[in-house]
Participant: 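Got a structure here, written out as structure tokens. Questions coming.
The residues of the chain are indexed from 1 along the displayed sequence.
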Amino acid sequence: MNTDVNALLGHWPFRKIRKNTLADLRKVHQDNQITGGYVASLNSIFYNDPFEGDEELHELIGGTEYKHVLTVNPTLPGWQRDIEDGIARFGIQGVRIYPTYHDYDLNTAPVAELCEALKKHRLPLFVTKRMEDERLDYLMKPKPLEVASLQTFVSGQPDLDIVILNIRFGEITAMKQEINELPRLFIDTSGLKDKVFVLEELLKVIPAGKIMYGSQHPLYCLKSSHCVVDMVDIPEETKRAIFLGNVKALEK
């Protein structure tokens, strides 16, 4: 009954993505004892109207074991309607934002307005720290999301469920105070690639209850991210919490 909080479907403009269909996602999940997850659209990041990508995503995952995460760019007009339509048409279970690709500061009025809408609808916010190594995005250069900006943002939203996706060990360490003190702030495992025995080291910094399993499939190798949790020498109950138990905090 394990869950992946960071899965994607669609195309990536910087390189050809293989195994990016629903059947591919389902197979790699089943092969690793994952029974569902939160899925967003890769296409929506780059469409001038992100909702069109979410319409495509709904055609793929509607009625399946996967939860639809809506892509929102709060600097575009009509995102409020997109959330309302996403709830009514797709049964969305969260909203994902990409400030590095959509070029805005988290600590601005449009993002604050989005957070208020998510609180109203009791939807979690998935904040994308990065998609992959920024040096690989040769067609465009996403603006880095600075840790200081993230710290200010999450500190101002203590009543919103927030999952920071693809954040690295050093960045987590820099944010350990906020992560430890804000009860509704979580991180996923997809960014844990910059140390040997990284999860064991991370558990010395933040509690297991703050960590959710996320793969960033198909941009990252799911088996590799799965081994980061599955193959380490930590208690089985800790692994179960990361793979399944902690995500229940997002389910309303």
Side-chain angles (χ1 to χ4, degrees), residues 2-10 22 25 29 34-45 50-51 53-58 60-74 76 79-102 106 110-131 145 150 153-154 157-167 182-191 210-217 219 242-252:
N2 297 336
T3 299
D4 182 353
V5 299
N6 183 2
L8 301 126
L9 289 174
L22 175 60
L25 176 64
H29 275 167
I34 297 169
T35 55
Y38 290 75
V39 182
S41 168
L42 279 172
N43 298 340
S44 289
I45 304 171
F51 197 78
D54 279 291
E55 289 177 319
E56 296 171 348
L57 181 63
H58 178 66
L60 296 173
I61 68 170
T64 72
E65 66 271 32
Y66 292 106
K67 301 178 187 295
H68 190 140
V69 178
L70 187 78
T71 296
V72 167
N73 179 349
L76 295 179
W79 63 260
Q80 299 93 335
R81 182 184 65 249
D82 288 349
I83 291 179
E84 298 286 348
D85 287 350
I87 293 169
R89 294 174 55 189
F90 310 150
I92 61 169
Q93 298 295 307
V95 163
R96 184 164 177 167
I97 59 173
Y98 302 84
T100 59
Y101 285 88
H102 295 156
L106 283 175
V111 182
E113 186 180 353
L114 170 62
C115 291
E116 291 305 310
L118 296 181
K119 293 173 193 175
K120 171 186 173 183
H121 294 294
R122 303 181 67 192
L123 292 171
L125 176 66
F126 296 85
V127 179
T128 309
K129 179 68 173 68
R130 62 176 54 80
M131 289 298 289
L145 176 53
L150 259 178
F153 171 68
V154 298
Q157 299 295 338
D159 300 322
L160 178 63
D161 291 322
I162 299 174
V163 185
I164 304 174
L165 304 175
N166 204 357
I167 183 171
L182 295 168
R184 302 177 75 168
L185 177 62
F186 305 90
I187 59 115
D188 88 323
T189 60
S190 65
K210 290 293 189 164
I211 307 169
M212 299 178 181
Y213 173 72
S215 69
Q216 190 109 324
H217 175 88
L219 292 184
I242 294 170
F243 277 129
L244 177 64
N246 297 338
V247 76
K248 294 178 182 178
L250 306 181
E251 299 171 358
K252 300 295 186 273

Participant: What's the separation between atom CE in M212 and atom CG in L244, rounded to the nearest 0.5 Å?
Facilitator: 10.5 Å
Participant: Say you draw a straight line from CZ of F243 to CD1 of I34; how long is it, rounded to the nearest 0.5 Å?
Facilitator: 6.5 Å
Participant: Taking the side chain as C-beta and beyond, is there a heavy-atom pair between D4 and H29 under 4.5 Å?
Facilitator: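 D4 vs H29: side chains touch.
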Participant: If we ignore hydrogens and angles and just use 3.5 Å, is the side chain of W79 paired with the main-chain N or O of N73 as donor and acceptor?
Facilitator: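 Between the backbone of N73 and the side chain of W79 there is no qualifying donor-acceptor contact (under 3.5 Å).
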Participant: Are any side-chain N or O atoms of Q216 and backbone N or O atoms of G214, one a donor and one an acceptor, separated by less than 3.5 Å?
Facilitator: no
Participant: Nearest 0.5 Å, what's the CD1-OH distance between I45 and Y98?
Facilitator: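 Answer rounded to 0.5 Å: 4.0 Å.
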Participant: Report yes if the side chains of F186 and V247 come closer than 4.5 Å at any heavy-atom pair, otherwise no.
Facilitator: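 The answer is no; the side chains never approach within 4.5 Å.
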Participant: For D161, give me all partners under salt bridge (charged side-chain N to carboxylate O under 4.0 Å, His left out), at least two apart in sequence or on another chain.
Facilitator: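 With neighbours one apart ignored, the set is R184, K252.
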Participant: Would you please test V95 and V69 for side chain to side chain contact (heavy atoms under 4.5 Å, CB included) and show each step?
Facilitator: CA-CA 5 Å; V95 163; V69 178; 5.6 Å; no
Participant: Name the orientation class of the two ring planes belonging to H68 and F90 (parallel below 30°, tilted from 30 to 60°, perpendicular beyond 60°).
Facilitator: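 The rings of H68 and F90 lie parallel, inter-plane angle below 30°.
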Participant: Would you say the side chain of L22 lies within less than 4.5 Å of the side chain of I61, judging by non-hydrogen atoms?
Facilitator: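 When only atoms from C-beta onward are counted, L22 and I61 do touch, with a gap below 4.5 Å.
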Participant: Could you tell me whether the side chain of R130 and the main chain of I167 form a donor-acceptor pair under 3.5 Å?
Facilitator: no
Participant: So which atom in P110 and which in P74 form the shortest heavy-atom distance, rounded to 0.1 Å?
Facilitator: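 Heavy atoms only, the tightest pair is CB-O, 3.5 Å.
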Participant: Can you find a pair of side-chain heavy atoms, one from E251 and one from K67, that are under 4.5 Å apart?
Facilitator: yes
Participant: Strictly by modelled atom types, are T128 and R96 linked by a side-chain donor-acceptor pair under 3.5 Å?
Facilitator: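 Side chains of T128 and R96: pair found under 3.5 Å.
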Participant: Below 3.5 Å, can you tabulate the donor-acceptor pairs from side chains in residues 114-127 to any protein atom, sequence neighbours excluded?
Facilitator:
residue : atom : partner : partner atom : Å
E116    : OE2  : K119    : NZ           : 3.1
K119    : NZ   : Q157    : OE1          : 2.9
H121    : NE2  : E84     : OE2          : 3.2

Participant: Hydrogens and angles aside, do Q80 and E113 bring a side-chain donor and acceptor to less than 3.5 Å of each other?
Facilitator: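 Yes, side-chain donor-acceptor contact under 3.5 Å.
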Participant: Identify, with sequence neighbours excluded, every residue that meets salt bridge (charged side-chain N to carboxylate O under 4.0 Å, His left out) alongside E55.
Facilitator: R89
Participant: Is the backbone of I187 close enough, under 3.5 Å, to the side chain of K210 for a donor and an acceptor to pair up by distance?
Facilitator: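 Checked: no pair found.
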Participant: For the CG atom of L70 and the CD1 atom of I97, what is their distance to the nearest 0.5 Å?
Facilitator: 12.0 Å
Participant: Between K129 (side chain) and L145 (backbone), is there a donor-acceptor pair under 3.5 Å?
Facilitator: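 Yes; at least one donor-acceptor contact below 3.5 Å.
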Participant: Is a side-chain donor-acceptor pair under 3.5 Å present for S190 with D188?
Facilitator: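 There is such a pair between these side chains.
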Participant: Just how far is it from atom CD of E56 to atom CZ of F51, taken to the nearest 0.5 Å?
Facilitator: 11.5 Å
Participant: Look up atom CG in D54 and atom CG in D82, then write down how far apart they are to the nearest 0.5 Å.
Facilitator: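 Spacing of CG (D54) from CG (D82) equals 8.0 Å.
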Participant: Search all heavy atoms of L150 against all heavy atoms of L106 and return the closest pair with its distance.
Facilitator: CD2-CD1, 3.8 Å
Participant: Got Y213 and T3 here, is their nearest side-chain heavy-atom distance under 4.5 Å?
Facilitator: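 Result no, sub-4.5 Å side-chain heavy-atom pair not found.
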Participant: Taking the side chain as every heavy atom from C-beta outward, state whether M131 and L8 have any atom pair closer than 4.5 Å.
Facilitator: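 Sidechains of L8 and M131: in contact.
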Participant: Between T64 (side chain) and Y66 (backbone), is there a donor-acceptor pair under 3.5 Å?
Facilitator: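 Looks like yes, one N/O pair under 3.5 Å.
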